[in-house]
Amino acid sequence: MNSPSRLQVAIVGGGLAGTLAARVLREHHDVTIYERGKTAIEVGAAINIGPNGVKILEQLGFDRTRVGSLPVGRTLTWNKQGELKLESDMKCVEEYGADWLFNHRADLRDEFLRLATASSDDLKIGGAPATIRYGAEVVNVDVDQGVLTLASGEVITAHLVIGKSADGIKSRIRPLVVGDAALSTARPSGMSAFRFTLLAEEIKNKNGGAVPDLLDPTKSACLNMVLAFDQTNRSVVMYPCRNFEILNFVCIVPDMSLKEATSESWSAAGDREELISLFTDFPPAIVQYFKYATDIKLWQLRDQDPLPTYIKGRTVLIGDAAHPMTPHQGQGGTQAVEDAEGLRLFSEINFPSYDVAQILRDFDRVRRPRAAQIQNNTRKSIERRSAEDIYSFAKYNWTYPGIKECLRRIDAGVEMIQF
Ligand SMILES: Cc1cc2nc3c(=O)[nH]c(=O)nc-3n(C[C@H](O)[C@H](O)[C@H](O)COP(=O)(O)OP(=O)(O)OC[C@H]3O[C@@H](n4cnc5c(N)ncnc54)[C@H](O)[C@@H]3O)c2cc1C
Ligand SMILES: *[C@@H]1O[C@H](CO)[C@@H](O)[C@H](O)[C@H]1NC(C)=O
Ligand SMILES: *[C@@H]1O[C@H](CO)[C@@H](O)[C@H](O)[C@H]1NC(C)=O
Ligand SMILES: *[C@@H]1O[C@H](CO)[C@@H](O)[C@H](O)[C@H]1NC(C)=O
């Protein structure tokens with residue numbers, strides 16, 4: 001295949017990573033997203049994006065008012081006896097150049113989809129909108145040649161294939177890129193997470209009309225964490241999203257404490273009585289919220305050792321396909337945002353002498369060590385012995401200067417991340 005000035009780009013999966021990658025690439029290339037789902041469906045839970053991701057989103061025309069994003073103003077960390085162990089006021093804009101945002105996943109995905117597919121006039125950018133094809137399951141990829149086969153039998157040829165995740169942490173493309181069939185799924189981390197959200201209105205009604213501090217829109221949004229600080233590694237994380245209309249919960253427990261082995265599916269149901277029974281030593285005010293929950297999900301948290309490569313031939317892995325990690329540092333989605341930014345390397349290709357493989361090698365030189373470090377830090381943070389431990393990686397997390405600056409630093413022989 002020769003190298004035209006606009007690449008045909010095929011993105012496998014229309015989740016957070018794929019839609020944002022489409023936004024970056026559409027300015028200069030012809031982009032199609034192949035999404036297995038029949039429509040745009042996203043898990044009904046919250047997601048936080050750190051300043052390292054928000055800085056990038058702002059450069060891409062992200063409109064936080066459409067998302068009802070809440071800038072994080074405070075964090076409060078409690079122990080299971082209900083004692084406050086750490087209180088921090090966040091000054092992310094001053095210290096890191098952008099806010100740290102709480103979002104609802106469905107709202108965020110809608111906004112990424114708008115950035116991928118709205119008209120270029122509306123977005124005031126060049127190029128053409130990406131196309132998204134729903135009900136298009138990719139069943140095979142020739143990663144070297146850039147040939148995709150859909151479940152329908154249709155065959156598509158692309159200059160560049162962006163492979164992302166499937167079913168949370170499973171990935172069909174990962175083993176093809178890395179050359180190891182064992183890598184199609186990530187491994188259990190030993191912990192599982194109960195997830196649910198509550199509507200602010202419901203909480204108010206159950207509270208006799210009173211609005212808890214956590215949902216008070218006149219206060220700044222706060223990340224509340226309650227940690228067992230014992231050998232069980234249990235924790236409860238609560239924060240508001242969608243303009244304080246929703247309160248999001250993540251309750252992490254060891255697998256070994258569960259009645260039944262958990263499924264890795266993101267849609268498996270969790271049992272409320274079991275959740276309550278696993279946190280009887282936590283503050284009653286917290287457990288009270290569990291009693292209100294109606295739609296609880298339970299899934300096994302998985303991760304993976306850093307991969308030996310993200311690239312092969314015409315194909316590159318991004319998002320969870322490249323670096324699955326547990327949510328202990330809330331960096332999974334933010335790393336997908338950094339990956340999308342990395343695809344900027346395709347914005348200034350030098351027609352006709354560029355080489356897709358060379359650009360992908362540059363992508364891999366930055367993105368793989370960066371995400372590997374975050375994966376490793378995340379693994380270390382499963383066991384949290386003190387409140388200070390939890391934020392010990394914040395500076396590393398939040399000071400990513402973008403792919404071009406990272407390449408410059410690597411080539412100059414200096415540290416890629418400096419803080
Ligand atoms: C409930 C929840 C909360 C989280 N909270 C945070 C957080 O607070 N902060 C944070 O940074 N990260 C968080 N994460 C992690 C973050 O959401 C993920 O890292 C991120 O969604 C990864 O994006 P992705 O696009 O790679 O994968 P996904 O979002 O899993 O998208 C994969 C997409 O590919 C499609 N697909 C799969 N297989 C095929 C196929 N064969 N053909 C075509 N399409 C296919 C799927 O239908 C899906 O749409 C959270 C994750 C979950 C589930
Ligand atoms: C808690 O975390 C530590 C360190 O990762 C681990 O050794 C220990 O087994 C964990 N405890 C449980 C109950 O999973
Ligand atoms: C991450 O951990 C793996 C396995 O423990 C190790 O081989 C690798 O060097 C670490 N990578 C980084 C970037 O720290
Ligand atoms: C890393 O950043 C996330 C936000 O993206 C934050 O929640 C987390 O506490 C940070 N981790 C550490 C250890 O500082």
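Side chains included, hydrogens not; waters and symmetry mates left out as well; all remaining heavy atoms used. Counting convention: from 1, in listed order, for ligands and their atoms alike.
- Under 4.0 Å from ligand 1, heavy atoms of A17 appear from its side chain as well as its backbone.
- Ligand-side atoms of ligand 2 in range of N233: 1 (C), 2 (O), 3 (C), 8 (C), 10 (C), 11 (N), 12 (C), 14 (O), range being under 4.0 angstrom from any heavy atom.
- The shortest N or O to N or O distance between A321 and ligand 1 is not under 3.5 Å.
- Ligand 1 places these atoms under 4.0 Å from at least one heavy atom of Y34: 43 (C), 44 (N).
- Between D99 and K91, no side-chain nitrogen of the basic residue sits less than 4.0 Å from a carboxylate oxygen of the acidic one, so the salt-bridge criterion is not met.
- Atom CD of E415 has 12 or fewer neighbouring heavy atoms from other residues, nucleotides or ligands inside a 6.0 Å radius.
- At a 3.5 angstrom cut-off on N or O pairs, T232 does not count as close to ligand 2.
- Under a 4.0 Å criterion applied to the non-hydrogen atoms of A46, ligand 1 contributes the atoms 3 (C), 5 (N).
- Counting heavy atoms from C-beta outward, D180 and P175 have side chains that stay 4.5 Å or more apart.
- Side-chain atoms of F112 and R23, non-hydrogen and from C-beta on, never get closer than 4.5 Å to each other.
- No part of Q335 comes within 4.0 Å of ligand 1, judged by heavy-atom distances.
- For the pair R370 and Y396, the cation-pi test (distance below 6.0 Å, angle within 45°) is passed.
- Seen from the ring of F196, K297 does not count as a face-on cation partner, given the 6.0 Å and 45° thresholds.
- Checked against F62 for a side-chain contact (heavy atoms from CB on, under 4.5 Å), the options V67, V337, V54 give a single hit: V67.
- One option in V138, I47, N103 has a heavy atom closer to atom 40 (C) of ligand 1 than any other, and that option is V138.
- Counting atoms of ligand 1 from 1 in the listed order, those under 4.0 Å from a heavy atom of A45 are 1 (C).
- With sequence neighbours left out, the side-chain contact (heavy atoms from CB on, under 4.5 Å) criterion links A200 to L215.
- Atoms of ligand 2 found under 4.0 Å from any heavy atom of P254 (numbered from 1 in listed order, with element): 13 (C), 14 (O).
- Counting heavy atoms under 4.0 Å from ligand 1, residue W299 touches it through the side chain alone.
- The closest heavy-atom contact to atom 34 (O) of ligand 1, among the options A136, G319, G13, G37, comes from G13.
- The backbone and the side chain of R36 each have at least one atom closer than 4.0 Å to an atom of ligand 1 (non-hydrogen atoms only).
- Atoms of ligand 1 lying under 4.0 Å from at least one heavy atom of G333, given by number and element, are 10 (C), 11 (O), 12 (N), 13 (C), 15 (C), 16 (C), 18 (C), 19 (O).
- The side chain of Y239, and not its backbone, has at least one atom closer than 4.0 Å to an atom of ligand 1 (non-hydrogen atoms only; side chain from C-beta on).
- Counting heavy-atom neighbours within 6.0 Å of K204 NZ, excluding the residue itself, gives a total of 12 or less.
- Cation-pi geometry between R272 and F290 is not met at under 6.0 angstrom from the ring centre and within 45 degrees of the axis.
- Looking at ligand 1, you won't find any N or O of R109 less than 3.5 Å from one of its N or O atoms.
- For ligand 1, the polar-atom distance check against I49 finds no nitrogen or oxygen pair separated by under 3.5 Å.
- Partners of F346 by ring-ring contact (aromatic ring centres under 6.0 Å, His included), not counting sequence neighbours: none found.
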Pairs of nitrogen or oxygen atoms, one from ligand 3 and one from the protein, closer than 3.5 Å: please tabulate them with distances.
| from | atom 1 | to | atom 2 | distance (Å) |
| --- | --- | --- | --- | --- |
| ligand 3 | 2 (O) | N376 | OD1 | 3.0 |
| ligand 3 | 2 (O) | N376 | ND2 | 2.4 |
| ligand 3 | 11 (N) | N376 | ND2 | 2.9 |
| ligand 3 | 14 (O) | Q373 | OE1 | 3.4 |
| ligand 3 | 14 (O) | N376 | ND2 | 3.0 |

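- With hydrogens and angles disregarded, no donor-acceptor distance shorter than 3.5 Å links the side chain of Q81 to the backbone of E83.
- Applying the ring-ring contact (aromatic ring centres under 6.0 Å, His included) test to pairs two or more places apart or on separate chains, those with a residue in residues 72-98 are Y96-W398.
- With ring centers used as reference points, F363 lies 6.0 Å or more from Y310.
- Although no hydrogens or angles enter the test, the distance criterion places no donor-acceptor pair under 3.5 Å between the side chain of H29 and the main chain of V31.
- With a 4.0 Å cut-off on non-hydrogen atoms, M325 does not touch ligand 1 at all.
- For K297, the closest heavy-atom approach to ligand 1 does not fall below 4.0 Å.
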